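Read through the structure below, which is laid out as structure tokens, and then see the notes.
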Amino acid sequence: MYEQEKIKPYNHHEGKGRQVEKMFDNIAPSYDKLNHWLSWNIDKGWRRKAIKKLATADPKSILDVATGTGDFAIMAAKSLPCAKVTGSDISEGMMRFGAEKATREKLDDRIKFVREDCMNLSFPEETFDAVTATFGIRNFPDLDKGLKEMCRILKPGGHLCVLELTEPVRFPMRQLFRIYSRIVLPFIGKLISKDNSAYTYLSATIEAFPQGETMMGILKKAGFVNTSFKRLTLGICTMYWAEKGK
């Protein structure tokens with residue numbers, strides 16, 4: 001078990017998956033505002049970099065796992081006009097906001113949102129050309145199982161693209177980030193979302209989540225090949241890229 005899998009939003013006796021679902025349902029109304037505000041809108045640039053990388057693979061079908069309010073799914077549909085995008089998440093509260101945004105963007109015919117448990121995806125093997133996940137896999141109750149599921153539903157030669165918040169590795173950015181994530185982020189998150197635990201939990205999982213070369217090994221164990229990663233904005237975010245073997 002990885003360290004972040006032991007961290008739960010609310011209590012120790014209820015399963016992590018159910019608590020994560022409840023947490024994101026709770027913070028859904030304020031999630032977009034907080035997400036962009038707390039990152040100073042830099043998160044939009046991270047998504048654009050991931051989309052640019054994804055475009056090199058020219059996928060026609062994309063599954064966006066842990067899609068949340070659909071920011072990445074919507075950006076992918078707008079930027080990759082030949083692709084059909086499916087956004088999946090355990091939180092229906094989050095996806096309701098995503099569906100509303102897709103309707104406003106007139107993308108209803110290009111994006112669909114479905115409730116899925118990332119531990120047991122309902123899609124047949126070899127369904128999608130690409131699988132993406134932005135800021136969500138550190139919430140998986142079982143990271144190995146979730147990644148294996150993502151590999152299973154990819155077509156041979158298909159691509160995985162993951163964006164995840166990570167701790168910077170160098171001084172002084174690492175120390176500054178810890179102050180921000182441990183003090184500033186939970187305080188503002190609690191103030192605006194009205195959830196006392198959510199942003200403390202989210203900050204703790206960033207510190208605990210495996211990253212860099214360690215994550216490369218985890219991806220390979222799940223069945224991926226040609227793995228690589230790139231640190232963004234001094235290491236605050238990391239983009240992971242991998243393929244399913246042919």
Side-chain angles (χ1 to χ4, degrees), residues 1-8 15-18 20-21 46-47 49-51 53-54 56-68 72-73 76 83 85-91 114-167 169 202 205-232 235 237-246:
M1 176 179 278
Y2 303 107
E3 286 304 310
Q4 85 284 350
E5 294 173 1
K6 302 174 186 176
I7 303 171
K8 300 178 181 180
K16 178 167 181 170
R18 179 68 190 97
V20 167
E21 178 184 5
W46 297 333
R47 289 185 179 91
K49 288 181 184 294
I51 294 288
K53 181 70 172 175
L54 198 60
T56 64
D58 192 27
K60 300 299 186 291
S61 56
I62 301 171
L63 175 66
D64 186 39
V65 172
T67 194
F72 190 85
V85 183
T86 301
S88 72
D89 204 288
I90 199 170
S91 169
V114 293
R115 187 187 183 282
E116 289 279 342
D117 182 351
C118 55
M119 298 295 99
N120 295 285
L121 296 169
S122 66
F123 306 104
E125 292 185 13
E126 302 179 5
T127 299
F128 297 95
D129 296 318
V131 177
T132 62
T134 54
F135 317 122
I137 66 170
R138 74 182 192 281
N139 298 309
F140 284 7
D142 185 331
L143 179 61
D144 288 333
K145 187 175 182 181
L147 289 173
K148 285 176 183 176
E149 275 292 276
M150 293 161 80
C151 188
R152 179 185 68 80
I153 53 103
L154 265 178
K155 295 177 183 177
H159 291 84
L160 172 73
C161 185
V162 171
L163 285 174
E164 191 52 83
L165 294 171
T166 47
E167 268 206 320
V169 296
L202 291 169
T205 55
I206 295 171
E207 289 187 27
F209 191 72
Q211 58 178 301
E213 294 294 348
T214 302
M215 191 63 184
M216 295 295 93
I218 293 170
L219 289 170
K220 289 172 183 175
K221 185 169 65 171
F224 292 100
V225 299
N226 299 328
T227 61
S228 63
F229 70 96
K230 182 177 182 180
R231 300 188 195 277
L232 307 174
C237 176
T238 302
M239 178 168 64
Y240 298 97
W241 182 256
E243 298 176 29
K244 179 175 180 174
K246 296 182 179 179

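No experiment lies behind these values; they were computed from the predicted model shown. All values below were derived from every heavy atom in this structure, side-chain atoms included, with hydrogens, water molecules and symmetry-related copies excluded.
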Worksheet item: CD of Gln4 to CG of Leu143: how many Å apart, nearest 0.5 Å?
Response: 6.0 Å
Fill in: Under the ring pair (Phe, Tyr, Trp, His ring centres under 6.0 Å) test, residues paired with Phe140 that sit two or more places apart
none
Discussion item. Could you walk me through whether Thr67 and Val85 satisfy the side-chain contact (heavy atoms from CB on, under 4.5 Å) test, starting with their C-alpha distance in whole Å, then the side-chain angles of each, then the deciding distance to 0.1 Å, before giving a yes or no?
Written reply: CA-CA 11 Å; Thr67 194; Val85 183; over 6 Å; no
Worksheet item: What residues form a side chain to side chain donor-acceptor pair (under 3.5 Å) with Asp89, not counting sequence neighbours?
Response: none
Discussion item. Tell me every residue that passes side-chain contact (heavy atoms from CB on, under 4.5 Å) with Cys237, counting only those two or more places apart in sequence or in another chain.
Written reply: Trp46, Phe135, Leu163, Leu232
Discussion item. Just to verify, what does Lys145 make a side-chain contact (heavy atoms from CB on, under 4.5 Å) with, not counting sequence neighbours?
Written reply: Met119, Asn120, Asp142
Discussion item. According to side-chain contact (heavy atoms from CB on, under 4.5 Å), who are the partners of Glu207, at least two apart in sequence or on a separate chain?
Written reply: Glu167, Arg178, Ser181, Arg182
Worksheet item: Who passes salt bridge (charged side-chain N to carboxylate O under 4.0 Å, His left out) against Asp117, sequence neighbours left out?
Response: none
Listed pairs under 3.5 Å, donor-acceptor, residues 224-231 side chains, sequence neighbours left out:
{"from": "Asn226", "atom 1": "ND2", "to": "Glu243", "atom 2": "OE1", "distance (Å)": "3.4"}
{"from": "Arg231", "atom 1": "NH1", "to": "Gln211", "atom 2": "OE1", "distance (Å)": "3.2"}

Worksheet item: Of all heavy-atom pairs between Ile62 and Phe128, which one has the smallest distance, and what is that distance?
Response: C-CD2, 3.7 Å
Practice prompt. Could you tell me which residues satisfy salt bridge (charged side-chain N to carboxylate O under 4.0 Å, His left out) with Lys155, sequence neighbours excluded, listed by chain and number?
Written response: Asp129
Item to complete: Using salt bridge (charged side-chain N to carboxylate O under 4.0 Å, His left out) as the criterion, list what pairs up with Asp144, not counting sequence neighbours.
Response: Lys221
Worksheet item: Can you find a heavy atom in the side chain of Leu63 that is under 4.5 Å from one in the side chain of Thr127?
Response: no
Worksheet item: Nearest 0.5 Å, what's the CD1-CD1 distance between Ile137 and Ile218?
Response: 8.5 Å
Discussion item. Using side-chain contact (heavy atoms from CB on, under 4.5 Å), reason through Cys161 and Met239 one step at a time and then give a plain yes or no.
Written reply: CA-CA 7 Å; Cys161 185; Met239 178 168 64; 4.2 Å; yes
Discussion item. Test of understanding: with salt bridge (charged side-chain N to carboxylate O under 4.0 Å, His left out), list the residues that count as partners of Glu3, not counting sequence neighbours.
Written reply: Lys6
Practice prompt. Check whether any side-chain heavy atom of Leu165 lies under 4.5 Å from a side-chain heavy atom of Leu202, and answer yes or no.
Written response: no
Practice prompt. Please name all residues satisfying side chain to side chain donor-acceptor pair (under 3.5 Å) with Thr205, sequence neighbours left out, ordered by chain then number.
Written response: Arg138
Discussion item. Give me the atom names and distance for the closest heavy-atom approach of Tyr240 to Gly212.
Written reply: OH-N, 3.1 Å
Worksheet item: Any side-chain heavy-atom pair from Pro59 and Leu54 closer than 4.5 angstrom?
Response: yes
Fill in: Side chains of His159 and Lys53 in contact at under 4.5 Å (non-hydrogen atoms)
no
Item to complete: For the pair Arg152 (side chain) and Leu121 (backbone), establish whether a donor and an acceptor sit closer than 3.5 Å, ignoring hydrogens and angles.
Response: yes
Fill in: Exercise: identify the closest heavy-atom pair between Lys244 and Leu154
NZ-O, 2.8 Å
Discussion item. According to side-chain contact (heavy atoms from CB on, under 4.5 Å), who are the partners of Ser122, at least two apart in sequence or on a separate chain?
Written reply: Glu116
Worksheet entry | Residue pair Val131 / Met150: nearest heavy atoms and the distance that separates them | CG1-CE, 3.7 Å
Worksheet item: Between atom CG of Asn139 and atom OG of Ser91, what is the distance when rounded to the nearest 0.5 Å?
Response: 11.0 Å
